[in-house]
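Before any comments, here is the structure.
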Amino acid sequence: MKSLPPEIEDYAPESGSLAARAAASAGRPRYLDALNPEQRAAVETLDGPVLVLAGAGTGKTRALTTRIAHILALGKARAYEILAVTFTNKASREMRERVEALVGEGAQAMQWLGTFHAISAKILRRHAELVGLKPNFSILDTDDQIRLLKQVLQAENIDDKRWPARALAMRIDGWKNRGLAPAQVPAAEAESFANGKGAALYALYQERLKVLNAVDFGDLLMESLRLFRENPDVLADYQRRFKYILVDEYQDTNVAQYLWLRLISQGRRNVCCVGDDDQSVYGWRGAEVENILRFEQDFPGAKIIRLERNYRSTGHILAAASHLISHNEGRLGKTLFTDGDDGDKPTLTGVWDSQEEARAIGEDIEQLGRKGHSLEEIAILVRASFQMREFEERFVEIGLPYRVIGGPRFYERLEIRDALAYLRCVAQPADDLAFERIVNTPKRGLGDATLQLLHEYARRERVPLMQAARFLTESEELKPKPRGALRSLIGDFDRWRTLIDAKPQHELAELVLDESGYTEMWRQDKTPESAGRLDNLKELVRAMEAFPDLAAFLEHVSLVMEADSATDQQQRVSIMTLHGAKGLEFETVYLPGWEEGLFPSQRTLDEQGRAGLEEERRLAYVGLTRAKRRAKIFFASNRRIHGLWQPTVPSRFIDNLPSGNVEVVEAPSASQYGSYGVSRFANLDAYDSDYATPGWKRAKAGADFARGEPMRESRPSRGKQPTTIEGEVLARSSAAARHKAGARVFHLKFGPGTVAAVDGNKLTVDFDKAGRKMVLESFVQAG
DNA sequence: ATTAGCATCCTTTTT
DNA sequence: GGATGCTAAT
């Protein structure tokens, strides 16, 4: 077996060393003074499994980073003997920075600090051959993954209209999240795709990945799991190596990650997981709250430490958030408290539509700005990214500087992906997906026909496309023109490849992009974006300088798809999704779009039922607890969905707020826009009554009425709701109860039709005019 | 082989 | 209302 490199360059005092003893004898180290008793327990309880339940704003990261510093200071382990896993790149960067702040350069040696995916990739590269890969395997992103699946579907003659590659990708991801190899997929689920071919397609896809010497995100976990299971000696080595293991955001781990962690921690069992069950918001991508709820069973003898003292928010905000989240069942339960002021009550404002919402929030922010508040301390947190546009448009109009966080990412841009495909072809000649992407970009006269030929040959001879191309240019099978183009392309790649070791990677990249004609292509392009694209390419080349070599850069790119080089000094308001806001805090937080269907998301409700509702509520909790001093909730009575204006109903989460801690506020200068919708809420007396007052109900009924077709079948009438949870309607329109085969329905776009089949929330409908379509149940009304 | 025009899908959330 | 992917026309 392959032994691990020695890493002797890292220094940390041996446990018995002078330095360690000096530190110990100096009494309590200074960094412990900054902690409260619970945090200190989280830091000092080093041996055995520990679960730290850290509520929002309770100093979780501080506890975690101090714990690392403590381990290092006591000499219990060296930096490279600590495994510290986070969920996002953002979190691991922050952790590294903060450990560095505590222990200085020592943090540099934390080479096992990173995301589950990054660490898995690192391990996998060291032992690639044991799982049938070469050490330079490519990591495919979602886009590549779908393109590959498309090919698999095509090869199997499966209609990818009826069975879209995207849907298959989601299923496969789901299986991988649950740690299921193709053979382990439950029969019932395997059946459910393409008439029972689900698992078989999964298996074929895995085969293709191996041929391509590639893995997808899920494989990073799956393959390292397999590596550990099939090679106990390798596993034992890592078990021995990691003297202390820390896991951040434990509530977000999926089954595969849990299994991975359990394997790797069985050695010394010094595992410390930090998390908050109330902030578990990634269930949709396989996170299992159960993991954290079950911790004590999984790690017998575990100590549980609760951090409940909140340092972030004022009293009313905390009260509102706590009351909201108390509507969830299945919590471990924490009671956050603060010694601080009550502060301002969170506000609740109703507006006519989403445009007025943007207008009102824009004005409110301007007002704060005039009062001297920093825009950096203001954020707008939305449920879904399409909500952002309205704010952007409005803010551009009024000249309010803003920044969208988590928007289209640098490495997802077309030109960047193309450039990377070139580099991947240079570094990893077997990377067919990359090759395919750029064979004809810029245009070289290598179209479908040529590619078809390449594919045939590659398939027959079981070689990568690049090699197929090489052979074909030497035969007579190609017409002269494509043959020449292909030959010169191959020649280029061969030449570039000889330069890998001769030139710094950023210079090589520049050369490749120029010689391939790629930059020229954009220079010729006259569309308005082309200049920006060229800038991005320059930026890419510049970013490469910081890496030791091309391979290291490509690794970084596949795993850390982000780049925020915007280093301007101007203050900006942040616009981001609620998911993206997790872990952040702001003085003032705007929470727009609290409407049924949008938040909670109808889709989540339809697909996940009660678990989905609770997750949405946790998201609301996350949103509220981001606010330090001001939280401002908005809901609109009308919103444009799929280009059509639809009346909306205030979110049930508004009913979950404690009326005593919330203030109902009229939108600033709303009347000038003739918004009669607002006044209803202004009249609502929220002080001495709950929201379930006659006034509130009237307000809601008003929204119903605005729907135009008063109380028709478009919504289930009160009283015979399909599913009820804690007195709440789960799904405003649950398919099962509403439409049966044969029923007449009406669809806004397709018109009247007859239901042919029902599949969960999807209906197959024979429309009178539009023919047979599969539509979401929520888009049709009984008709 | 390339392009323009048309149809269709969609809209969570991310490693 | 918008992007993406396909078909049909050049």
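Reminder, nothing fancy here: chain letters follow the sequence lines and each chain counts from 1.
- Per the geometry, CD belonging to A/Q646 stands 14 Å off C1' belonging to B/dT11, to the nearest Å.
- Minimum atom distance to the side chain of A/K443 is reached by B/dT3, of the listed C/dG1, B/dT3, B/dT15.
- Within 4.0 Å (heavy atoms only), A/F116 reaches no atom of the nucleic acid at all.
- In this structure, A/L559 places its CG atom 13 Å from C1' of B/dT14, rounding to the nearest Å.
- The nucleotide whose nearest atom lies closest to any side-chain atom of A/A449 is, among B/dT15, B/dA1, C/dG1, B/dA1.
- Residues A/R652 and A/E616 fail the side-chain proximity criterion, which asks for heavy atoms closer than 4.5 Å.
- Minimum heavy-atom separation, A/E415 to A/N536: OE2-ND2, 2.7 Å.
- Distances were taken from every side-chain heavy atom of A/N440 (C-beta onward) to each of B/dA1, B/dT2, B/dT15; the shortest belongs to B/dT2.
- Residue A/L446 is classed as a sugar-phosphate contact, given heavy-atom separations below 4.0 Å to backbone atoms only.
- Residue ring and base: A/F217 counts as stacked with B/dT15 (centre distance below 5.5 Å, interplanar angle below 30°).
- Between A/L220 atom CG and B/dT14 atom C1' the separation is 14 Å, expressed in whole Å.
- For the pair A/V85/A/L246, no side-chain contact is recorded, criterion being any heavy-atom separation below 4.5 Å from C-beta on.
- Looking at which nucleotide of DNA chain B each of A/E616 and A/K90 is closest to, the 5′-most match is held by A/E616.
- For A/T142, the side-chain atoms get nearest to B/dT15 when compared with the rest of B/dT2, C/dG2, B/dT15.
- Separating the CG atom of A/N89 from the C1' atom of B/dT14 is a distance of 10 Å, rounded to the nearest angstrom.
- Taking 4.5 Å as the limit, some side-chain heavy atom of A/L381 sits within range of a side-chain heavy atom of A/M576.
- At a threshold of 4.0 angstrom between heavy atoms, the contacts of A/A118 with the nucleic acid are absent.
- The nearest whole Å value for the distance from the CG atom in A/D144 to the C1' atom in B/dT14 is 16 Å.
- In this structure, A/F87 atom CZ and B/dT14 atom P are separated by 11 Å, rounded to whole Å.
- Nucleotides of DNA chain B nearest to A/G445 and A/G580 differ in position, and the one nearer the 5' end is that of A/G445.
- For A/M521, the CE atom is densely surrounded, since the number of other residues' heavy atoms within 6.0 Å is greater than 12.
- For A/R640, the listed nucleotide lying nearest its side chain is C/dG1; candidates were B/dT15, C/dG1, B/dT11.
- Taking atom CZ of A/R166 as the reference point, atom P of B/dT14 lies 14 Å away to the nearest angstrom.
- For A/R285, the CZ atom sits in a packed shell: over 12 heavy atoms of surrounding residues, nucleotides or ligands are nearer than 6.0 Å.
- The side chain of A/T450 lies closest to B/dA1, out of B/dA1, C/dG1, B/dT14.
- Contact annotation: A/N177 side-chain N/O to B/dT15 OP1/OP2 distance is not under 4.0 Å.
- Atoms OH (A/Y282) and P (B/dT15) sit 7 Å apart, rounded to a whole Å.
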